[in-house]
Structures are given as structure tokens and as C-alpha cells.
Protein chains: 2
Amino acid sequence: MLKRTPSLTEQAKLHIKQMILDDTFVDGRIPAETDLAIELGVSRTTIRDALSRLEGEGVVMRKQGAGTFINEVGLQIKSRLDEIWSYEAMLADHGYEASVHILDHVIRPAPKDVAEALDIATDTPTLEVKKLFLADGKPVILVYNHIPAHLLSGDYTDGDLQLPVYTFLWEFGRQQINHYLSEIVPVLATGDLAHHLAVQPNTPLISFHEVGYNDDNQPIIKSTSCFRDDLMRLRLIRRQIIK
Amino acid sequence: MLKRTPSLTEQAKLHIKQMILDDTFVDGRIPAETDLAIELGVSRTTIRDALSRLEGEGVVMRKQGAGTFINEVGLQIKSRLDEIWSYEAMLADHGYEASVHILDHVIRPAPKDVAEALDIATDTPTLEVKKLFLADGKPVILVYNHIPAHLLSGDYTDGDLQLPVYTFLWEFGRQQINHYLSEIVPVLATGDLAHHLAVQPNTPLISFHEVGYNDDNQPIIKSTSCFRDDLMRLRLIRRQIIK
DNA sequence: TAGTGGTCTAGACCACAAA
DNA sequence: TTGTGGTCTAGACCACTAG
């Protein structure tokens, strides 16, 4: 019934999610795990893994002894903070036409805070890129990226800077971002920031201060982002973890 | 070796985490899953589930073909946004002496926004509680909770309002909060807010606008919280989800 | 009491990394 | 080549919910 690659679990997840979106389960109830396993021709374990992922995404809820049910509220939410990987995709999920402007880029010695975050010596040459994301032409996210120059091959063009940062890092540095460690910081839109995001000065904004790590747990990028809250409201599902 | 309840997986998780904290694995490398399974007397599946949870908490990193390694950076972080369940516990995790002040509480008809969020008729009697959390005596979180009065038995005292909200809801309403759906909103500290949190007026702050749902996916509480960023910096681990 | 999800096992095979 | 984590199976038993 299903082939390998991507994993059976992932395929089962997508299959079930599609059935949900197609209103296959009219009463909001999802078939029993054993039934799904038979229907998709995989083991119950695989189905359970798939349902666990969907539960984590807020798509379904499970109740022991009762069944598994569609989570209508969770199904609607976009821009989950913990699922953002590229701003391009995030804006597209919202139905916006996303575009990117490179406002500035330069290689210069790393200032102290950047050097500390990236665990490099102060003054190590670092690529600094200032990007503005637009949604349907309206400015919505302003991003500063700092990447140690020695990680990059250097043969990129100005146009390449418009690539999603994880693509850029892979193409020109053979680096993969495994995860980000992010701090959420409130800021005031002053001068430059207010100008680029086209908001009134002293508007309160959310910013991310984050460091991206590669598969070897080495910091490879420092990133600071500011969001226009009215166009891009950040959301999150919080659960109790005790089990 | 291990008993049931809590689950073997959870016990294995805690056991491994404790070994990590005890510096049992001096080189930052965690034994192979099969070895851990033998050592703890459980199946490899159980060990894998335990390690998956630790990976989710940022405690370890896994590399296919290479091994499982301690994530020193992730091990340090506190106040992970997606793991907050009670502010009392969160403050305690930070090493603060936590205390709670009930600033105000009243039962009155639900205003429009509360009624909509809780899916009840406008004017439904609703308990409104205004709480201030202090860390080592310093004000740090201001919370407004709204709970429909008909969910509560009503025989609580003023002192009971100081209980963590999930305890209060269980004791006096037999309701369990399954999850919250939260929005992260930037705000300015004006008047009342600035006063209670003891910050300068117009300081930018992070606020949560959230709704708590019970096991039947019914909204049972609307909650708004504001944080003093200097005392309580919110953090998050973001991963790529493709698998 | 019947049916559901929750936990756990033992074992198989695969993909990948390091020596 | 060896050893690691990644995926998947088939089956067992438990805990819980609902009729």
C-alpha cells in the first residue's frame, strides 16, 4: 500500500491528515488505531507514531479508553512559534505573497556580543546581512544574520543572499542548522526599525534573539528578528508534560 | 530493576538524566541504546522513547551512525516557553523564592472578548482574578484569569485563589486543563501594569493571551499574563520538523 | 463488558558515521 | 567493516471510558 521513503510513519501522518481535511471523518472521530493499521497496511506502532505527531501539531486529541478526535481549534492555527523554520514558508502558510529585500550586507569583524554567541574570537570576520521580509508588499519581519566568514566559501553573489538562510548555509558553507536556541525579547520600534517596518516610533514589538547550531552542536549563526505583530501574530500550544 | 508507575519510559528518562547530571558520562557521550537497555533491564524501545523525550527537552542530541551526546547548551536553559505549566514552578526552576498576591477578584458578567474566547453567552457570570507573582519579593508576572462561574462549586475561600490555577480548577470545578492555545503579544507597560510590575511607563513587555482547554476540548479558562523581561527571559528551542 | 488508547517487549532490517 | 541510531513489525497486556 505504502512505499518507504519518506518513512511509513510520515506517510501515514500525511494520509490521515489529508483524510481529516477531506472531511472523511464526519463526526470528528478518527477510526481506532487497529483499524487504521489494517486500512493502511502497516503496524499499529506506525499508526501510533503518526497520530502522536499529529497530536503534537495540535491536529488531533486522544483520550485513553475513548478514542482519537479531530482538534478543530488546533487545526486552524498557523505560525506556531515552535514550528517556524523559514520565514518564507511561514508567510506562505498565512496566505501571503512573500518577498525578501536585502537591505544591507557586509563582512566585518564580529562585535563582542556576536563573537560570544558564536564562540569565536572578537574581530573574526563575519558576514552580516540585514533582510526585510514583506507580506503582500507590506514589511513584516526585519532580520539581522551574523555568520562567521570562515564557514563560507565566498563565491556567492548578492542575489544568493536572498535564499532562505538554511539554503544559503548549505550551498555556500556545507553547514546544516540542526536547531535554534531562541530568546523572546520585547523591544520598542525606534528609528531604523520603525522606519523599515513602517510602524509608529515606540510601537512595542516582539523580537527573537537566537543562535543556530549545526549537527555537531557548534554555533554557526546568530540571528535577530523583529516582527510586526499586527501582520504576524505568533502562536503556541502549551501542554503539561507529566506522564 | 525498575517498577511500573510512573511508566518505565519516564523512569528511564529520569535515570539517564540523573546520570548526565552526575557526570557519569565524562566524555559527553551516552552509551549505546542497546547497552542502556541491558543496564536498566528494559527493552531498547523503552530506552529510545526515553532518549526521544530527552532530545525534545534539549538535554541530548542524537546522530545516526555516530551516537547520542549530551547537549550542554540545552541542559542549561530554563523557562522554556513550551514547557511552562505553572508560574510557581517556573520561578522555582529559576531559583527564585516565588510568592503570589491576589490583587483583585470578582464574579461579574463576561465581557465580549472573554465570552467569545470561552464560547459562552455574553454576560455569563465569570470569575475574574488578578494575580501578581513575585520572585524574591520583586514583581515579575501579572495575570488575569477568567473562569465561567458555572464551572466552579463556589465553596472556595479567598485563600484558595492563591493555589496554582490548575489545582484550583481541579479542586473546585473537577476540570483539568489539557492544553493552552497561546498568542504572544507585545505590549507597553501603561498605568496599572507599570505600577504593579514596578517598571517605567511605556516599557515594552511580552504578554500571553491564552485560552485553556479541558480533555473534552472545551475552553474553560481565558488568561492574560505580562512578564517583566529583565527577571524572566523566555526561551525556546526550535527544530526543523521534516523527517 | 466491549472497545479504545497506553505501555512494553523482542527481534528484524536499514542508513549512516567513523575507524 | 563495525557499531551506532532509525524504522518497523506482531503481539502481549494494562488502564481507562462509555454504554
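Just so we're on the same page: letters track the sequence lines, and every chain starts at 1. Computation of the quantities below employed the complete heavy-atom set of this structure, encompassing side-chain atoms and omitting hydrogens, waters and symmetry-equivalent molecules. Keep in mind it's a predicted model, so treat the numbers as computed, not measured.
- For the pair A:Ile47 CD1 and D:dA10 P, the computed distance is 12 Å after rounding to whole Å.
- Remark: B:Thr45 is not in phosphate contact with C:dA10, judged by side-chain N or O atoms under 4.0 Å from OP1 or OP2.
- Atom CG of B:Leu36 and atom P of D:dG3 are 17 Å apart (whole Å).
- The pair B:Asp82-B:Arg80 counts as a salt bridge, with a side-chain nitrogen and a carboxylate oxygen less than 4.0 angstrom apart.
- Partner assigned to D:dG19 is none, using Watson-Crick or G-U wobble distances below 3.5 angstrom.
- Protein atom CD1 of A:Ile38 is 11 Å distant from nucleotide atom P of C:dT4, rounded to whole Å.
- Applying the 4.0 Å criterion to OP1 and OP2 of D:dT9, one finds that A:Thr46 has a side-chain N or O inside that range.
- If you measure from atom CD of A:Glu10 to atom P of D:dT7, you get 10 Å, rounded to the nearest angstrom.
- In this model, the phosphate group of D:dG5 is not approached by any side-chain N or O of B:Arg48 to a distance below 4.0 Å at OP1 or OP2.
- At a threshold of 4.0 Å, the pair B:Arg238-A:Glu83 does not count as salt-bridged, since none of the basic side-chain nitrogens sits closer than that to a carboxylate oxygen.
- Comparing C:dA17, D:dA18, D:dT4 against the side chain of B:Asp35 picks out D:dT4 as the nearest.
- Rounded to whole angstrom, the span from the CE atom of A:Met61 across to the P atom of D:dT17 amounts to 13 Å.
- Residue B:Ser43 has no polar side-chain atom (N or O) positioned under 4.0 Å from OP1 or OP2 of C:dA10.
- No hydrogens or angles considered: nothing links the side chains of A:Gln176 and A:Asn214 as a donor-acceptor pair under 3.5 Å.
- Look at CZ on B:Phe69: it is 8 Å from P on C:dA18, rounded to the nearest Å.
- Classified by interplanar angle (parallel below 30°, tilted 30° to 60°, perpendicular above 60°), the ring pair B:Phe172/B:Phe168 is tilted.
- Residue B:Glu33 contributes atom CD, which lies 14 Å from atom C1' of C:dA15 at whole-angstrom precision.
- At a cut-off of 3.5 Å, with distance as the only test, no side-chain donor of B:Thr24 or B:Asp22 sits close to an acceptor on the other residue.
- Between A:Lys63 atom NZ and D:dT17 atom P the separation is 7 Å, expressed in whole Å.
- Between A:Thr9 and A:Arg44, the one whose closest nucleotide on DNA chain D sits nearer the 5' end is A:Thr9.
- Of all nucleotides listed (D:dT4, C:dT7, D:dA18), C:dT7 comes nearest to the side chain of B:Ser7.
- Proximity of B:Arg62 to the phosphate of D:dG6: a side-chain N or O atom is located under 4.0 Å from OP1 or OP2.
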